[in-house]
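No experiment lies behind these values; they were computed from the predicted model shown.
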Amino acid sequence: MMNKFNFNYIQLIILHIAVGVAIFAFGALSKVYFSLVIVVFLYRIINAAKKDRATEVLMACSYIVGCEVFLRMTGGNFSYEASKYSVILFLVVGIFYNSVSRKSYPYLIYILLLVPGIVLASVTLNYETVFRKAVAFNISGPICLGIAALYCYNRKIPVKHLDRITQAIVLPIIANATYLYLYNPSIKDVLSGTQSNFEASGGFGPNQVATVLGLGIFALVVRYIMFSKTLLIKILNLVLLALIAYRGIITFSRGGIFTAVLCILAFLVIYFMNSNSKRKTEVIRSIVVIALLSVGIWIYSSVQTLGFIDKRYANQDAAGRVKEDVTTGRVELLTSEFQEFFNNPFFGVGVGKIKEVRLESIGVNAASHNEMSRILAEHGVFGVVAFLILLLTPLILRSRNKKNYLFYSFYLFWFLTINHSSMRIAAPAFIYGLCLLDIQYDKPVVHRKQVSK
């Protein structure tokens, strides 16, 4: 029955280009698209064979992670945090069928450590603040991460299934990129300086758009090197990489692109070091091709943005003057959150309260870009312990099992993303879980010579 939903890679790419075109033409289809995604993946999970169900769960979550920003910019979500709730839903269904490792208890402790901050928020948030929305906005990401970690911890996945997981991430990003090209065919028409560009980002937040496009860039590099078995698929992945990288760069939001580059470098180093001599030669060729393509993409981006993108990454304004604050105001937000942690070291100020405190103390009405400082300010010492669990548990697991080539890439994506974009989207929460997987590689077949009697 599952074969009804099986298509080859090229057919799926064409289908998702069509999805991007259709939603651009008829915005109301975005909600239909979201509903179909939920129904199809639930069907696949429930009807999957036991040995494939874990991969189906991870594919479902990966797909939602890839399409979350697209759904937000096109109004497809039924609520702002609907994608995170969907990821949690798929993971809970997976836990129901597959259970979790008994050794994943640190993440259960992590989730419990978040509870005091929620309870405190119920009595500290201002009267006019909607408690449900304030708490959901700030806690859905951390809860999503905890459940993803519980599900993924030491879960065995065949390496060939990483092909399907990375494909599930990339496909909705292709639909998103298609929408962006239709929404803004020429960056020259909307250039206004070196600041993040909302028009080039589909009229949505450039930070979130660049983050998910950066994830797509990383996934495509992995697919090009590990899972492109024919010349046609290699070329196709390179073309997709170029098109998505260009759209990511011209959002003028740097965090997502820097994160993608560092994740790619981590993957290339680990994969190269663990390859045999023949495979190392192939990897070097691939690196040269990707490097040349990257140079070409950057030059094209520079020409199309009239050199503004070069100034953006050099931390200059449109006139070429170096900006004093490379973080665009984020240091002030970070400092205020650390200060509130020192003022309320035990329980913190409560989930969602830091935004109100910041407005009252320094007159800035803005949410934090940094999950690390936010969890300390809102949860106090409970947040310190919770963050240490997140930081150290994967490294301890890695010390015992070094088979996951993508471990450091996934770990870096989580850590870097929460420090420039907090946990506004589900991507860092779920990708963190992927670094906890136990990747299984095919054992080489040993041919033994028959001894004649």
- Polar side-chain atom of N176 near backbone of P172 as donor-acceptor pair, under 3.5 Å: no
- Test N343 against Q339 for side chain to side chain donor-acceptor pair (under 3.5 Å), laying out the working first. CA-CA 6 Å; N343 293 340; Q339 185 59 53; 3.1 Å; yes
- Query: Hey, are E68 and K84 close enough for a salt bridge, meaning a charged N less than 4.0 Å from a carboxylate O?
  - Reply: no
- Message: Ignoring hydrogens, what is the shortest heavy-atom contact between L293 and L238? Give both atom names and the distance.
- Response: CD2-O, 3.7 Å
- Note on the structure: Residues Y181 and L243: closest non-hydrogen pair is OH-O, 2.8 Å
- Check V57 against G94 and note the closest heavy-atom contact, atom names and distance. CG2-CA, 3.7 Å
- Task: Using modelled atom types only, decide if a donor and an acceptor are shared between the side chain of T259 and the backbone of G256 within a distance under 3.5 Å.
- Result: no
- Any side-chain heavy atom of L145 within less than 4.5 Å of one from P428? no
- Task: Indicate yes or no: does K403 engage D438 in a salt bridge with an N to O separation below 4.0 Å.
- Result: yes
- Message: Closer than 3.5 angstrom, by distance alone: can the side chain of Q11 be matched with the main-chain N or O of N8 as a donor-acceptor pair?
- Response: yes
- Please round to the nearest 0.5 Å and tell me the distance separating atom CE of M372 and atom OG of S422. 11.0 Å
- In Å and rounded to the nearest 0.5 Å, what is the OG to CZ distance from S286 to F272? 11.5 Å
- Please lay out, stage by stage, how N98 and R155 fare under the test side-chain contact (heavy atoms from CB on, under 4.5 Å). CA-CA 10 Å; N98 299 123; R155 188 171 298 279; 3.4 Å; yes
- Measure the CD1-CD1 distance between I287 and I225 for me, rounded to the nearest 0.5 Å. 6.0 Å
- Do Y183 and E199 come within less than 4.5 Å of each other through their side chains, counting heavy atoms only? yes
- List the steps, then state whether side-chain contact (heavy atoms from CB on, under 4.5 Å) holds for S83 with N77. CA-CA 7 Å; S83 294; N77 282 336; 3.3 Å; yes
- Task: Examine K31 relative to F78 and say whether NZ or CZ is less than 6.0 Å from the centre of the six-membered ring and inside a 45° cone about the ring axis.
- Result: yes
- salt_bridge(E371, R374) N-O dist < 4.0 Å: yes
- Item | Side chains of I157 and Q440 in contact at under 4.5 Å (non-hydrogen atoms) | no
- Test item: K160 and L162 side chains (from C-beta on) under 4.5 Å apart, heavy atoms: no
- Taking the six-membered ring for Trp, are F70 and Y179 ring centroids under 6.0 Å apart? yes
- Query: Got a sec: does the OH of Y105 have more than 12 other heavy atoms crowding it under 6.0 Å?
  - Reply: no
- Show the numbers, then the answer: is there a side-chain contact (heavy atoms from CB on, under 4.5 Å) between C435 and L406? CA-CA 7 Å; C435 80; L406 297 173; over 6 Å; no
- Task: For the residue pair Y313 and W298, categorise the inter-ring angle as parallel (less than 30°), tilted (30 to 60°) or perpendicular (more than 60°).
- Result: perpendicular
- Query: Are I147 and I95 side-chain neighbours, meaning at least one heavy-atom pair lies under 4.5 Å?
  - Reply: yes
- Can F227 and I233 be said to form a side-chain contact (heavy atoms from CB on, under 4.5 Å), step by step? CA-CA 9 Å; F227 304 118; I233 297 301; over 6 Å; no
- For Y63 and V37 the tightest heavy-atom approach is CE2-CG2, 3.5 Å
- Is there a donor-acceptor contact under 3.5 Å from the side chain of Y432 to the main chain of L390? yes
- Nearest 0.5 Å, what's the CG-CD distance between L12 and Q167? 5.5 Å
- Please round to the nearest 0.5 Å and tell me the distance separating atom OG of S409 and atom CD1 of I264. 8.5 Å
- Note on the structure: From the list W414, Y408, F413, F415, ring pair (Phe, Tyr, Trp, His ring centres under 6.0 Å) with Y411 holds only for W414
- Any donor-acceptor pair under 3.5 Å linking the side chain of K229 with the backbone of M226? yes
- Task: Measure across N207 and T211 and return the closest heavy-atom pair with its distance rounded to 0.1 Å.
- Result: O-OG1, 2.8 Å
- Item | Test item: Y33 and L36 side chains (from C-beta on) under 4.5 Å apart, heavy atoms | no
- Query: Under 3.5 Å, side chain of D52 to main-chain N/O of A48, donor-acceptor pair present?
  - Reply: no
- Test side chain to side chain donor-acceptor pair (under 3.5 Å) applied to N237 and Y9, step by step: CA-CA 10 Å; N237 281 328; Y9 187 42; 2.6 Å; yes
- Message: Between F198 and F252, is the ring-ring contact (aromatic ring centres under 6.0 Å, His included) condition met? List the steps.
- Response: CA-CA 9 Å; F198 279 79; F252 280 75; over 10 Å; no
- Message: I'd like to know if the side chain of H379 reaches the main chain of I375, judged simply by a donor and an acceptor atom lying under 3.5 Å from each other, with no hydrogens or angles considered.
- Response: no
- Would you call R254 and N315 a side-chain contact if the rule is heavy atoms closer than 4.5 Å? yes
- Side-chain heavy-atom pair N401, F407 within 4.5 angstrom cut-off: no
- Message: Check whether N197 reaches the backbone of V190 with its side chain - one donor and one acceptor, N or O, closer than 3.5 Å.
- Response: yes
- Query: Of the options I143, I389, T393, which is the one that meets Y110 in a side-chain contact (heavy atoms from CB on, under 4.5 Å)?
  - Reply: I389
- Has the side chain of S421 got a donor or acceptor atom that lies under 3.5 Å from a matching backbone atom of T417? no
- Could R72 and Y80 be counted as a cation-pi pair, given that NZ or CZ must be under 6.0 Å from the ring centre and within 45° of the axis? yes
- Message: Tell me whether T178 contacts the main-chain N or O of G20 through its side chain, where contact means a donor paired with an acceptor under 3.5 Å.
- Response: no
- Message: What's the separation between atom OG1 in T194 and atom CZ in R312, rounded to the nearest 0.5 Å?
- Response: 6.0 Å
- Nearest heavy atoms of L180 and S201, plus distance in Å: CD2-C, 3.5 Å
- Give a yes or no on whether the ring-centroid distance for F430 and Y151 is below 6.0 angstrom. no
